[in-house]
A.B. asks: 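Quick one: this structure, given as structure tokens, is what I'll be asking you about.
Atoms within each ligand, like the ligands themselves, are counted from 1 in listed order.
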Amino acid sequence: MSAQGDKLVNRHGEPLRALVIGASSGIGASTAQALAESGARVVGAARRTQRIDELEGVVPVACDVGDPEECERAVAEAVEVLGGLDALIYAAGTTGITPLHTTGHEAWTEFFATNLFGAALVSRAALPHLQAATSDGRAIFLTSDSAVKPYPGLVVYGASKAALSAFCQGLSAECPTLQVTEVMVGPTIDTEVGDHFDMEVFGYWFDRWSAEGYLRYDYQLATDVAAVLLEVVRADKPDPMVLAAGNEV
Ligand SMILES: NC(=O)c1ccc[n+]([C@@H]2O[C@H](COP(=O)([O-])OP(=O)(O)OC[C@H]3O[C@@H](n4cnc5c(N)ncnc54)[C@H](OP(=O)(O)O)[C@@H]3O)[C@@H](O)[C@H]2O)c1
């Protein structure tokens with residue numbers, strides 16, 4: 001990757017070709033938009049494609065990452081639109097309050113399907129394109145500060161992000177020509193991640209997180225995380241793990 005002025009170009013001097021999974025809201029939408037505004041050619045994937053349609057310069061592709069065939073098809077469509085792929089950014093994710101004594105197989109499967117299995121299946125489909133001689137070969141995954149210190153009440157989510165972190169390390173080891181980056185995200189307020197939380201239940205756990213030292217970073221905005229992701233995409237050799245979080249509190 002190199003930059004011509006502020007324009008994002010790949011190492012052949014062509015506009016960077018990027019696929020953002022989870023581009024319909026929050027961090028993924030901000031990132032897709034920021035990439036397009038920086039001159040990249042961008043495909044955004046998610047279930048709510050009409051939301052991606054509203055992002056200028058981002059081509060929407062439908063994908064439910066819980067469906068293995070849709071993961072393959074979305075990557076194939078993106079590669080067709082872009083004529084190859086330089087950067088895959090996996091921003092899809094789901095969370096929810098899931099106390100361990102009430103959480104069964106269905107919830108565990110749902111969280112891991114979106115946060116881990118989808119990442120693995122999209123990566124598998126993208127690998128031949130990212131490893132092509134014409135590609136910059138970048139794969140970027142969003143984990144969470146809860147991957148290293150799972151918040152009580154969010155252990156299923158934290159465990160899925162810890163598994164995604166291990167996946168990033170394994171992908172990098174297995175495919176040394178790829179530039180794999182885990183971006184560990186801290187609390188980010190203007191996204192839809194908590195929209196379905198029951199506020200009373202959330203309040204109970206939030207008080208515990210505050211009292212027990214889980215809230216370690218100031219809040220940030222989705223555009224702050226997008227700016228970090230753009231720095232990662234611009235860097236010649238990004239660190240394998242990058243923190244995108246507000247100031248430590
Ligand atoms: N916000 C935070 O405080 C925070 C902190 C740490 C890490 N993160 C991580 O950052 C990433 C982005 O989160 P966000 O806060 O921006 O949340 P968000 O606004 O809820 O965005 C989540 C995105 O994931 C997509 N998604 C969810 N399930 C999907 C599925 N089955 N198939 C395809 N796409 C799916 C959603 O699209 P559709 O619903 O349209 O499919 C949406 O575009 C997630 O991985 C999250 O875990 C967030």
Side-chain angles (χ1 to χ4, degrees), residues 19-34 42-55 58 60-75 77-78 88-98 109-122 125 140-151 154 156-165 167-168 182-197 202 206 209 214-226 228-229 241-246:
L19 169 60
V20 180
I21 309 283
S24 62
S25 69
I27 295 165
S30 284
T31 303
Q33 187 69 86
V42 186
V43 170
R47 292 166 299 187
R48 293 171 295 166
T49 47
Q50 74 284 3
R51 298 279 294 269
I52 303 171
D53 229 0
E54 292 161 13
L55 304 174
V58 181
V61 160
C63 179
D64 180 346
V65 297
D67 181 330
E69 283 178 13
E70 287 199 27
C71 291
E72 283 195 25
R73 193 182 36 71
V75 171
E77 280 183 37
L88 166 69
I89 297 163
Y90 193 87
T94 192
T95 192
I97 295 175
T98 50
T109 307
E110 186 197 330
F111 279 62
F112 272 69
T114 307
N115 297 346
L116 177 68
F117 305 159
L121 294 169
V122 166
I140 299 168
F141 301 89
L142 271 58
T143 66
S144 159
D145 62 324
S146 67
V148 290
K149 186 173 178 178
Y151 293 35
L154 295 179
V156 180
Y157 173 72
S160 71
K161 290 296 187 180
L164 181 61
S165 173
F167 172 77
C168 292
E182 170 190 354
V183 175
M184 187 182 287
V185 180
T188 309
I189 46 173
D190 57 340
T191 78
E192 297 179 13
V193 76
D195 277 9
H196 57 286
F197 285 4
F202 177 76
F206 185 85
W209 302 334
Y214 286 88
L215 303 176
R216 312 189 293 290
Y217 303 101
D218 274 339
Y219 294 115
Q220 62 185 346
L221 301 176
T223 48
D224 297 325
V225 184
V228 173
L229 286 163
M241 208 284 274
V242 171
L243 180 66

A.B. asks: Any N or O on Ile27 sitting closer than 3.5 Å to an N or O of ligand 1?
C.D. replies: yes

A.B. asks: Does Gln50 have more than 12 heavy atoms from other residues, nucleotides or ligands lying within 6.0 Å of its CD?
C.D. replies: yes

A.B. asks: Do Leu19 and Val61 pass the side-chain contact (heavy atoms from CB on, under 4.5 Å) test, and can you show the C-alpha distance, the side-chain angles, and the key distance before you say yes or no?
C.D. replies: CA-CA 10 Å; Leu19 169 60; Val61 160; 5.9 Å; no

A.B. asks: Do Asp145 and ligand 1 have an N or O pair less than 3.5 Å apart?
C.D. replies: no

A.B. asks: At a non-hydrogen distance cut-off of under 4.0 Å, which region of Ile189 contacts ligand 1 (side chain, backbone, both, or neither)?
C.D. replies: neither

A.B. asks: Short N/O distance, under 3.5 Å, between Val185 and ligand 1?
C.D. replies: no

A.B. asks: Within the 4.5 Å heavy-atom criterion, are Val225 and Thr191 side-chain neighbours or not?
C.D. replies: no

A.B. asks: To check your reading of the model: name the closest protein heavy atom to atom 5 (C) of ligand 1, its residue, and the distance in Å.
C.D. replies: Gly186 O, 3.6 Å

A.B. asks: Any atoms of ligand 1 less than 4.0 Å from a non-hydrogen atom of Tyr157? List them with their elements.
C.D. replies: 6 (C), 7 (C), 8 (N), 9 (C), 46 (C), 47 (O)

A.B. asks: Polar-atom distance check: Thr191 versus ligand 1, any N or O pair below 3.5 Å?
C.D. replies: yes

A.B. asks: At under 4.0 Å between heavy atoms, which part of Thr114 makes contact with ligand 1: side chain, backbone, both or neither?
C.D. replies: side chain

A.B. asks: Would you confirm whether Thr188, through its side chain, and Gly186, through its main-chain N or O, come within 3.5 Å as a donor-acceptor pair?
C.D. replies: yes

A.B. asks: Polar contacts were defined as any N/O atom of the residue lying under 3.5 Å from an N/O atom of the ligand; does this apply to Pro187 and ligand 1?
C.D. replies: no

A.B. asks: Which class fits the ring pair Trp209 and Phe206: parallel under 30°, tilted 30 to 60°, perpendicular over 60°?
C.D. replies: perpendicular

A.B. asks: Among all protein heavy atoms, pick the one closest to atom 39 (O) of ligand 1 and tell me residue, atom and distance.
C.D. replies: Arg47 NH2, 3.0 Å

A.B. asks: So, does Glu182 use its side chain to make a donor-acceptor pair with the main chain of Thr143 at under 3.5 Å?
C.D. replies: no

A.B. asks: Tell me which one of Gly44, Cys63, Ala45 gets a heavy atom nearest to atom 33 (C) of ligand 1.
C.D. replies: Cys63

A.B. asks: Could you check whether any side-chain N or O of Asp190 sits under 3.5 Å from a backbone N or O of Ala222, counting only pairs where one atom can act as donor and the other as acceptor?
C.D. replies: yes

A.B. asks: Any nitrogen or oxygen of Ser24 lying under 3.5 Å from a nitrogen or oxygen in ligand 1? Just yes or no.
C.D. replies: yes

A.B. asks: Can you tell which part of Ala91 has a heavy atom less than 4.0 Å from ligand 1: side chain, backbone, both or neither?
C.D. replies: backbone

A.B. asks: Distance under 4.0 Å to a non-hydrogen atom of Ser25: what atoms of ligand 1 satisfy this?
C.D. replies: 18 (P), 19 (O), 20 (O), 21 (O), 42 (C), 43 (O)

A.B. asks: In sequence, state the C-alpha distance, the side-chain angles, and the governing distance for Asn115 and Tyr157, and then conclude on side-chain contact (heavy atoms from CB on, under 4.5 Å).
C.D. replies: CA-CA 8 Å; Asn115 297 346; Tyr157 173 72; 3.6 Å; yes

A.B. asks: Which ligand 1 atoms are under 4.0 Å away from a heavy-atom of Gly26?
C.D. replies: 16 (O), 19 (O)

A.B. asks: Between the main-chain N or O of Leu142 and the side-chain N or O of Lys161, is there a donor-acceptor pair closer than 3.5 Å?
C.D. replies: yes

A.B. asks: Might you work through the side-chain contact (heavy atoms from CB on, under 4.5 Å) test for Ile189 and Leu221, ending with a clear yes or no?
C.D. replies: CA-CA 6 Å; Ile189 46 173; Leu221 301 176; 4.0 Å; yes

A.B. asks: Starting from atom 17 (O) of ligand 1, locate the nearest protein heavy atom and write down its residue, its atom name and how far away it is, to 0.1 Å.
C.D. replies: Val193 CB, 3.6 Å

A.B. asks: Could you work out, for atom 32 (N) of ligand 1, the closest of Val20, Ile52, Asp67, Val65 by heavy-atom distance?
C.D. replies: Val65

A.B. asks: I want to know if ligand 1 touches Ala92 in the polar sense, i.e. an N/O pair below 3.5 angstrom.
C.D. replies: yes

A.B. asks: Do ligand 1 and Lys161 have nitrogen or oxygen atoms that lie under 3.5 Å from each other?
C.D. replies: yes

A.B. asks: Side chains of Asp145 and Tyr214 only: does a donor on one sit below 3.5 Å from an acceptor on the other?
C.D. replies: no

A.B. asks: Would you compute the distance between atom CD1 of Ile97 and atom NE2 of His196 and round it to the nearest 0.5 angstrom?
C.D. replies: 8.5 Å

A.B. asks: Who's the nearest protein heavy-atom neighbour of atom 3 (O) of ligand 1, and how far?
C.D. replies: Thr188 N, 2.9 Å

A.B. asks: Check each of Gly93, Ser146, Gly22, Ser160 against atom 22 (C) of ligand 1 and report the one with the nearest heavy atom.
C.D. replies: Gly93

A.B. asks: Step by step, work out the side-chain contact (heavy atoms from CB on, under 4.5 Å) result for Leu88 and Val75.
C.D. replies: CA-CA 9 Å; Leu88 166 69; Val75 171; 5.7 Å; no

A.B. asks: Does some side-chain heavy atom of Thr98 sit less than 4.5 Å from a side-chain heavy atom of Glu110?
C.D. replies: no

A.B. asks: Report the part of Ala23 in contact with ligand 1, treating N, CA, C, O as backbone and CB onward as side chain, heavy atoms under 4.0 Å; options are side chain, backbone, both, neither.
C.D. replies: backbone

A.B. asks: So if I count the atoms of ligand 1 from 1 in the order they appear, which ones are less than 4.0 Å from some heavy atom of Asp64?
C.D. replies: 30 (C), 31 (N), 32 (N)

